[in-house]
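Worksheet: one structure, shown below.
Chain identifiers are assigned alphabetically (A, B, ...) following the order of the sequence lines, protein sequences preceding nucleic acid strands; residue numbering begins at 1 within each chain. Please read these numbers as outputs of a predicted model, since none were measured by experiment. Note that these values count all heavy atoms, side chains included, but never hydrogens, waters or copies made by symmetry.
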Protein chains: 2
Amino acid sequence: MSAHTSRRQRLRQATLEEIHAAARKLLVEQGSAAVTVNAVARQVGMSGPALYHYYTGHDELVGAVTAGFIRELAAAMERARDAQAGAPVGDRMLAACRAMRTWAVAHPDEFGWIFASPVAAPNRRPGSVRHEAALRFEHVLLDLTAELWRTRPFPVPDPASLPASLRDQLTAYSAAIEGQLPPEAAHVFLSCWIRLYGLLCMEILHQLDFAYTDLEPVFEECLRDLSTTLGLDVTAKEAH
Amino acid sequence: MSAHTSRRQRLRQATLEEIHAAARKLLVEQGSAAVTVNAVARQVGMSGPALYHYYTGHDELVGAVTAGFIRELAAAMERARDAQAGAPVGDRMLAACRAMRTWAVAHPDEFGWIFASPVAAPNRRPGSVRHEAALRFEHVLLDLTAELWRTRPFPVPDPASLPASLRDQLTAYSAAIEGQLPPEAAHVFLSCWIRLYGLLCMEILHQLDFAYTDLEPVFEECLRDLSTTLGLDVTAKEAH
DNA sequence: ATAGATTCCTTAGAGGCATTAAGGAAACAT
DNA sequence: ATGTTTCCTTAATGCCTCTAAGGAATCTAT
């Protein structure tokens with residue numbers, strides 16, 4: 001695929017992977033505070049400052065590891081989606097959503113890191129660019145929603161009924177995703193995203209432990225809600 | 001109010017408040033990583049180890065400061081609620097919800113700490129007890145919902161329609177809140193809580209910056225949704 | 001009032017972490 | 001083979017958490 005990879009580059013790549021694995025091991029086994037430059041270096045068998053030949057510092061190391069997690073999560077969702085290739089968009093969408101929770105539940109520390117990390121969050125200032133991994137993650141469900149919108153549009157609110165400030169923001173976002181969804185449809189997509197991702201974050205970050213021990217049925221109920229919002233139930237029945 | 005407070009106790013109390021203020025200042029001005037035992041001590045004008053006479057270590061300091069934030073947030077919500085004393089439950093509830101967001105937006109760093117901190121989260125193991133401050137925070141909306149339930153019950157799902165595992169969890173939670181709400185009503189309350197608190201957390205923790213710059217209208221829309229779920233609109237019309 | 005106990009604070013480490021600096025050895029390219 | 005690049009090492013600085021040991025101020029009880 002890529003151009004000629006020299007022996008040096010291959011070795012470097014292997015070391016990078018070893019570093020990521022070591023950082024992940026420390027995270028999972030001893031918590032996020034244990035992921036220090038020194039500890040990671042020790043784990044891979046080199047001493048301290050050597051790691052600075054791979055990353056400029058602690059922050060960049062953490063960012064790279066986190067980006068890897070996001071890619072893994074996105075890949076899991078894509079795999080689940082593609083396993084349903086040929087099925088109606090709604091089914092592929094539900095498969096991707098369930099894969100998201102399955103991955104998060106299986107890797108809570110990693111998911112927590114994704115949420116806490118600035119890799120997933122930034123984008124405040126106009127200048128800052130969203131990370132490639134975060135974009136890929138976001139686009140799994142966005143693309144499915146856009147496909148749904150094209151093939152079987154879901155109900156949207158009347159733009160005139162939305163507050164002006166919200167309409168402007170939605171118009172900007174609609175442009176940012178290259179018009180894949182018009183503002184009103186983007187609003188529905190974002191509402192769904194907020195409920196789904198919000199629920200998952202609260203579950204994984206233990207904000208709901210005071211009431212629940214197992215959120216699987218709550219998540220499924222949320223999915224049913226979203227299915228209604230997106231008209232997926234109708235699809236299933238009409239499909240006959 | 002409390003029994004005789006000696007001069008010593010008053011001084012200690014003043015120092016504790018100074019410590020909290022210093023920690024908060026560091027948090028707001030330089031981020032959470034700047035809140036170290038040494039830096040806080042320096043800020044209050046004593047040197048390092050002196051702080052260990054007030055807290056057993058960094059974790060306890062952070063926990064105490066966070067608990068203070070939670071209390072302040074809960075107090076803001078209670079104040080907003082009580083400012084509407086005499087008004088219908090629904091109005092008091094909306095006031096409390098808006099106060100929650102207002103506080104969070106005004107104090108994003110503090111709110112972020114609340115969310116990230118184990119003070120708000122724990123309760124995993126049977127043994128661990130929920131922190132007094134977290135309980136008080138939770139109870140502001142819980143109590144209002146319970147009052148609403150008593151005076152003007154909102155629609156609830158048929159318990160038989162819920163998955164058994166969910167029903168059991170809700171029954172346990174209903175018992176944990178001393179039957180203030182039956183399981184089905186607790187389910188509605190928790191759904192509302194998840195949507196409201198989840199949205200706020202995602203906003204404050206910058207998980208929605210990729211699409212929105214101002215979430216006030218989104219929050220208001222969420223409140224309208226919840227009002228419908230809880231039958232508050234009906235209340236307003238019938239009240240005439 | 002005064003002697004003992006308590007409380008608050010200090011300085012002195014030990015041990016860890018992030019990071020920079022300086023240099024050695026191996027691998028590569030010419 | 002020779003010079004360059006790459007990878008790694010050992011100092012060394014300055015921060016952090018936290019323990020230990022002791023001094024001074026304050027309170028208690030006689």
Side-chain angles (χ1 to χ4, degrees), chain A residues 2-66 113 116-119, chain B residues 2-66 113 116-119:
Chain A
S2 70
H4 140 270
T5 58
S6 73
R7 176 179 138 77
R8 272 244 168 99
Q9 282 173 331
R10 261 177 293 123
L11 278 179
R12 190 181 176 83
Q13 193 54 41
T15 306
L16 281 171
E17 276 160 28
E18 210 181 333
I19 288 170
H20 285 206
R24 185 173 193 163
K25 180 174 177 180
L26 286 166
L27 169 67
V28 171
E29 291 180 358
Q30 304 179 49
S32 61
V35 185
T36 69
V37 173
N38 282 335
V40 171
R42 211 178 301 131
Q43 186 84 25
V44 282
M46 49 180 154
S47 254
L51 237 151
Y52 286 78
H53 280 266
Y54 297 92
Y55 293 108
T56 64
H58 183 258
D59 290 352
E60 198 181 290
L61 168 64
V62 168
V65 172
T66 307
W113 245 31
S117 150
V119 173
Chain B
S2 71
H4 141 271
T5 58
S6 73
R7 175 179 139 74
R8 271 243 168 102
Q9 282 173 332
R10 260 178 295 122
L11 278 180
R12 189 179 177 83
Q13 193 54 41
T15 306
L16 281 171
E17 276 160 29
E18 210 181 333
I19 288 171
H20 285 206
R24 185 172 192 163
K25 181 174 177 181
L26 287 166
L27 169 66
V28 171
E29 291 180 358
Q30 304 179 50
S32 62
V35 185
T36 70
V37 173
N38 282 336
V40 171
R42 213 177 300 133
Q43 186 84 25
V44 288
M46 51 179 151
S47 254
L51 237 151
Y52 287 79
H53 281 267
Y54 297 91
Y55 294 107
T56 63
H58 184 259
D59 289 353
E60 198 181 291
L61 168 63
V62 168
V65 173
T66 307
W113 245 30
S117 149
V119 172

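Mapping B/Thr36 and B/Leu11 onto DNA chain D via the closest heavy atom, the residue that lands nearer the 5' end is B/Thr36. The residue among B/Asn38 and A/Ala50 whose nearest nucleotide of DNA chain D lies closer to the 5′ end is A/Ala50.
Residue A/Gly57 is classed as a sugar-phosphate contact, given heavy-atom separations below 4.0 Å to backbone atoms only. A/Tyr54 comes within 4.0 angstrom of sugar-phosphate atoms only, judged by non-hydrogen atoms across all strands, and of no base.
Whole-Å rounding puts the A/His58 NE2 to C/dT20 P distance at 14 Å. Whole-Å rounding puts the B/Glu60 CD to D/dC18 P distance at 11 Å. Atom CD in A/Glu18 sits about 14 Å away from atom C1' in D/dC7, given to the nearest Å. Summarising the geometry, the separation between CE on B/Met46 and C1' on C/dT7 is reported as 13 Å, rounded to the nearest angstrom. Between A/Leu16 atom CG and D/dC8 atom P the separation is 10 Å, expressed in whole Å. Nucleotide D/dC7 holds its P atom 14 Å from the CZ atom of A/Arg10, rounded to whole Å. Between the CG atom of B/Leu51 and the P atom of D/dT19 there is a distance of 13 Å, rounded to whole Å. Protein atom CD of B/Gln13 is 16 Å distant from nucleotide atom P of C/dT7, rounded to whole Å.
Distance from the side chain of B/Ser47 is smallest to C/dT11 among D/dT9, C/dT11, C/dT19. Picking from D/dT9, C/dT20, C/dC9 the nucleotide with the shortest atom distance to the side chain of A/Tyr52 gives C/dT20. With D/dC16, D/dC18, C/dA18 as the choices, the nucleotide that has an atom nearest any side-chain atom of A/Val37 turns out to be C/dA18. Here C/dA21 is the nucleotide among D/dT17, C/dA21, D/dC7 with the atom lying nearest to any side-chain atom of A/Pro49.
Without hydrogens or angle criteria, B/His58 side chain to B/Val35 main chain gives a donor-acceptor distance under 3.5 Å.
Of the side-chain N and O atoms in B/Arg42, one or more sit less than 4.0 angstrom from OP1 or OP2 of D/dC16. An OP1 or OP2 oxygen of C/dC8 is reached within less than 4.0 angstrom by a side-chain nitrogen or oxygen of B/Arg12.
If you check distances only, the side chain of A/His53 never reaches the base of D/dC7 with a donor-acceptor pair under 3.5 Å.
Across all their heavy atoms, B/Gly48 and B/Ala41 have their closest contact at N-CB, 3.6 Å. Residues B/Met46 and B/Ile19 come closest through the heavy atom pair CE-CD1, 4.0 Å. Counting all heavy atoms, side chain and backbone alike, A/Gly57 lies closest to A/Tyr52 at CA-CE2, 3.8 Å. Heavy-atom minimum distance, B/Arg12 versus B/Tyr54: NH2-CA, 3.7 Å.
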